[in-house]
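Notes for the one structure printed next.
What you see below is based on every heavy atom in this structure, not just the backbone, and it leaves out hydrogens, waters and symmetry mates. First listed ligand is number 1; within each ligand, the first listed atom is number 1.
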Amino acid sequence: METKAMPRLTEDMGNGLFATKDINVGEDVLKTNRPFVAVLDTPRLEDTCSGCFGKKQLFYGVETLKACTRCQVVKYCDRACQSKDWKFSHSLECSIYQELRPKILPNLARAVLRIVLRRVNRKYDDSEFDTFQMLETHAKEIRDTNQDQWNRILLTAKAVKEYSRSDIEEESIASFLAKLDLNTFNLVTPLYDRVGLYLHPYAAFINHSCEYNSVVGFDGDELFVKAIRPIKADEQIFISYVDTTNPYSIRRKQLSERYYFDCNCSKCQQGRDAREDRFLPTSLNTTSLDETEEKVRNLMTSANNDEDPFRSITKLKSAIRTLRETSAWPITRQPYVSLRDELIVSMLAAQQFESAFVQAVIRYIRVDPIIYRHEGHPIRQMHTWSLIKLAIHLYQGTGTGHADALFQRFQQNMGLVVWALLSQLVKDQETACIARSFRETIYSTYKEVDGEFKANGLEPAEMAVEIKSELETLGALAYEALKME
Ligand SMILES: C[S@@+](CC[C@H](N)C(=O)[O-])C[C@H]1O[C@@H](n2cnc3c(N)ncnc32)[C@H](O)[C@@H]1O
């Protein structure tokens, strides 16, 4: 593990992690490729490699996975991925998976089984295990306020004790599970697609702030925490446990239900006066705005659960219209932001590539710079990347799907748009908080596109006027599209 931070007791947040030196934006606070435990979510066992957690599939052209010939539960890109997982833990659990077949244990049960088996087989060094034991569980609060969750923990502990045939007490296994519940990170691909859960005891010391100074990401099995703001030596490292683009009441509810605390950061102290909550000047009262928000969130849930992307699009557009009709809803206030994200996903699924492009341009120009101030924010980087991929798709003209009248009206030079967006993304890399494999893909795509221009006798770096005009047209496209929304 490489770290520029050390744990220490805080006044009111239990243990926390503190910087040992000044850390610049984009630099690693912490990096490790040794999880205490990491497992895929059950549905992802089928389509994601259990060795590299999808990294090679995403960026290195791996298309088919091979199942472990013994248990048939886990799958791998190649021998290297298989051998890594075998050494880490699969050699200990494979026979148990075989016995349980066709049943597959849920992710938390598989994770705790790994911890028990690795512990019994002395795969953890003592200091690593001691750090794990120091982690908060909130077991009392779970028992007192969430009987269902507590019963689930006890039942899983009992089953894991039986499957593992270990002499670790059920009570200890239950405490491992409570630690997992509270301290695991969402294991995501380098493009932030959730595939499983990951626990690292040191990283788990990082407390939450809605005004976070760091972000967590993964590059395969490597976990990194990067500074998204300059951090001074001795300052506490904070990440966000929840989506901080949400208004105060939602953040507060999520933090108290899942993590048992009230956030006291400067943003939360502003309550409904913070940017995330604010509305445009309106004569509507708070109750009426709250009712609209609830109605729209229900519509969004219904759209998310709908398997037909065309029906989802209709529902999402109707939800957006409801927000627009209030004349009070900024496009950067939730759930407007999420509605647009979902709309882009549904439009892609429905092969409405031109319309998806228009929405992704609005997000790139009008939404992300407000809600993610730093251009190197991983979500902003990922959104820019998906806009570029869409522009490349439209540029290559390989199936634009359903035509979009507004897109057609603007007639952009997609080649130049691609180059301009890519070169901006390349410039942002110095302070970008993203995985190395993602960054390498950005560089290699830029090189390819730039090379293609040069092969055609063009030098885009010298086409500043044309590029400026294309970027202004993107702005005009976003403006017109929002007027019609
Ligand atoms: C993942 S753990 C972080 C490490 C933890 N402080 C510890 O000592 O193990 C999450 C727990 O830390 C505490 N915590 C994190 N951020 C906090 C905050 N901003 N204010 C108060 N408590 C916080 C809560 O008890 C929360 O359930």
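Between the side chains of D428 and Q424, at least one donor N or O sits under 3.5 Å from an acceptor N or O. Side chain to side chain, Q270 and D273 fail the donor-acceptor criterion of an N or O pair below 3.5 Å.
Aromatic pair F224/F218: ring centres not closer than 6.0 Å.
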What does the contact table look like for ligand 1 (nitrogen or oxygen on each side, cut-off under 3.5 Å)?
residue	atom	partner	partner atom	Å
ligand 1	6 (N)	M13	O	2.6
ligand 1	6 (N)	N15	O	2.7
ligand 1	6 (N)	N207	OD1	2.8
ligand 1	8 (O)	N15	N	2.8
ligand 1	9 (O)	E136	N	3.2
ligand 1	12 (O)	N207	OD1	3.3
ligand 1	14 (N)	N207	OD1	3.4
ligand 1	16 (N)	H208	N	3.0
ligand 1	19 (N)	H208	O	2.8
ligand 1	25 (O)	H138	NE2	2.7
ligand 1	27 (O)	H138	NE2	2.9
ligand 1	27 (O)	Y259	O	2.6

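Partners of R229 according to the salt bridge (charged side-chain N to carboxylate O under 4.0 Å, His left out) rule, which considers only residues two or more places apart in sequence or in another chain, are E211. Residues passing the salt bridge (charged side-chain N to carboxylate O under 4.0 Å, His left out) test with D144, sequence neighbours excluded: K140.
Counting only residues at least two apart or on different chains, the side-chain hydrogen bond (donor to acceptor under 3.5 Å, both in side chains) pairs with a member in residues 369-380 are Y212-H377.
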